[in-house]
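This structure is a prediction, so every number in the text was calculated from the model and none was measured. Every chain is numbered from 1 and lettered A, B, ... according to where its sequence line falls, protein lines coming before strand lines.
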There are 2 protein chains.
Amino acid sequence: MAMETGKDCIVRHFSRYGSLSEIERKRLSALEESRIPTEKGEPLWLEGDEARHFCTLSAGWAYAYRHFADGTRHILELFLPGDVIGLQEFPFQRRLSSVAMLEAGEVRPFSHHHLLDFFRDSSRLTALSFAAASYRQALLGARVVHLSRRSARQRIAYLLFELFSRLKRTGEALDDRFRVPLSQQHFADTLGLSSVHVSRTLTVFREERVLERSRDWIHILDPSALAREAGVSESLHEGLVDSH
Amino acid sequence: MAMETGKDCIVRHFSRYGSLSEIERKRLSALEESRIPTEKGEPLWLEGDEARHFCTLSAGWAYAYRHFADGTRHILELFLPGDVIGLQEFPFQRRLSSVAMLEAGEVRPFSHHHLLDFFRDSSRLTALSFAAASYRQALLGARVVHLSRRSARQRIAYLLFELFSRLKRTGEALDDRFRVPLSQQHFADTLGLSSVHVSRTLTVFREERVLERSRDWIHILDPSALAREAGVSESLHEGLVDSH
DNA sequence: CGGGGTTTTGAGATGACTCAAATATGGTGG
DNA sequence: CCACCATATTTGAGTCATCTCAAAACCCCG
């Protein structure tokens, strides 16, 4: 796996939401002291742990999940390289969900404290932190909508589209192919389906020549058909104002 | 409907997330200039409108929703008296979802601009704004989990528990009865079920003497049975640190 | 009282589930 | 480089929760 662009992971993340001055860039990258390599499946923290830091994911994918008494697992969020993890838990004492790596990668932790420093002396970095959190929230809102009262076809189409859009945004999906290191069980736990049904539905998509999946790769053969199925509006990925 | 506590709606909302100094209280309530009465069903804004302000809901319930091409409506969020609406759209140019009143009420608008003022000169109010946004996000995350791969019984139990918890928090649910101005169609659109099935499920709960519903009122007869069914952890409503 | 919206009930259809077995795939050590 | 193992995916068969459509009952509001 490409250890993505050695430094300035957090600078690049924040830059998504607005431009940064040289001073602000310096300020941000000064925070990136430690880089922690992580293994596939390694948990970053568990639900209920004390929440004292957040981190950027500089390489590899991760996911936030909760386990329930009946043994089921639900995946709340998928984190892609360059994303910030745990920012939204800032006002809570404890983690609301567990987070684990989907594959080997690297994270860079930051104390929640630094966020308070931003609040105190950089309204620009504050606004961008707020924007990052709001963007994440918008993704969740879209997922609420697309999970409820939609068929398995629609849910899968939607998730693939979301991932595709996000990967394009960070330049990781070049053409219509992109890598998705999720098993069908992960899809199922993200979408609220059984893994068996995910398999069947992907097979139907393949037979219809809408998309292909081999190994960790997804190849979208008919983007417009998939978009139609997903009921997708790209609005989430546009319309971000440059935090004023 | 009781026009809730004339003033300082926003002060009370922010106080949920941490204590405020006298100066900060003054600062906040100075923002509450206009009070706009709203009618049942009245939209506050529509998806795609320009997003330039947010508001507190000083009386009445509201909901955020999206309409889809196939004619279905999905409800993303329910807003209770005292809640802030539209805060999370701060970094976006346009509304991500429509918001309308469920009943007559009153809102108090604030320009997004005021938020930037907080960022510039009050780290405390900034932290509390961030906390408010994160709390909303936590609610959404919980909803993602409880909507996917759960039975109609579990979904309905969960929603009622969420509403009950939130109303207790603001002192509007005294004993086990509380007012819920939602039709079964609203429940259905919130939970991703058909209204027919909502009706059947509520009937079963009534026969099992778990809860009763008459008119706009819910009476929880067996709270522990409902909590069990909901698979609820109250953690969301505890564990808010006093924003450091 | 009458009428529109909401809720309830019935009946039949179906999408997604579970369990179970067969097959494919990738990773590892000999 | 191959054989083997563990894991992931596919396929089959039967079941069940929830859906749709439709009609009846209910209930608030005027």
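Contacts of A:Arg213 with the nucleic acid, taken as non-hydrogen atoms under 4.0 Å apart, involve only primed sugar atoms and P, OP1 or OP2.
Between A:Asp70 atom CG and C:dC17 atom P the separation is 14 Å, expressed in whole Å. Straight-line distance from the CD atom of A:Gln184 to the C1' atom of C:dT25: 12 Å, rounded to whole Å. Taking atom CD1 on B:Ile156 and atom P on D:dT18, their separation rounds to 9 Å, with Å as the unit. Taking atom NZ of residue B:Lys40 and atom C1' of nucleotide D:dC28, one finds them 10 Å apart after rounding to whole Å. Summarising the geometry, the separation between CZ on B:Arg150 and C1' on D:dT18 is reported as 17 Å, rounded to the nearest angstrom. Taking atom CG of residue B:Asp216 and atom P of nucleotide D:dC29, one finds them 9 Å apart after rounding to whole Å. When rounded to the nearest whole Å, the span between CZ of A:Phe205 and P of D:dT10 equals 14 Å. Between the CD atom of A:Glu229 and the C1' atom of C:dG15 there is a distance of 14 Å, given to the nearest Å.
Within the 4.0 Å cut-off from OP1 or OP2 of C:dT8, at least one side-chain nitrogen or oxygen of B:Arg206 is found. The side chain of B:Arg215 places no N or O atom within less than 4.0 Å of a non-bridging phosphate oxygen (OP1 or OP2) of C:dT6. Close to D:dT9, at under 4.0 Å from its OP1 or OP2, lies no side-chain N or O of A:Gln185.
Taking the six-membered ring for Trp and the full ring otherwise, B:Phe90 and B:Phe54 have centroids separated by 6.0 Å or more. Ring centroid separation for the pair A:Phe187 and A:His197 does not come in under the 6.0 Å cut-off.
B:Tyr63 places a side-chain heavy atom less than 4.5 Å from the side chain of B:Arg73. Put simply, the side chain of B:Leu163 reaches to within 4.5 Å of the side chain of B:Leu159, judged on heavy atoms. For the pair A:Tyr65 and A:Asp189, the minimum side-chain heavy-atom distance is 4.5 Å or more. Contact of the A:Leu193 side chain with the A:Arg155 side chain is registered, since non-hydrogen atoms from C-beta on lie closer than 4.5 Å. For the pair A:Pro109/A:Ile36, a side-chain contact is recorded, criterion being any heavy-atom separation below 4.5 Å from C-beta on. Considering only heavy atoms from C-beta on, A:Thr38 stays 4.5 Å or farther from A:Leu57 through its side chain.
Listed by residue number, the members of residues 191-204 of chain A with any heavy atom below 4.0 angstrom from DNA chain D are A:Val196, A:Ser199, A:Arg200, A:Thr203.
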Please write out the pairs of protein N or O atoms and N or O atoms of nucleotides 2-7 of chain D separated by less than 3.5 Å, giving the distance to one decimal.
none

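Under 4.0 Å is where a charged nitrogen must lie from a carboxylate oxygen, and between B:Arg16 and B:Asp83 at least one such pair does.
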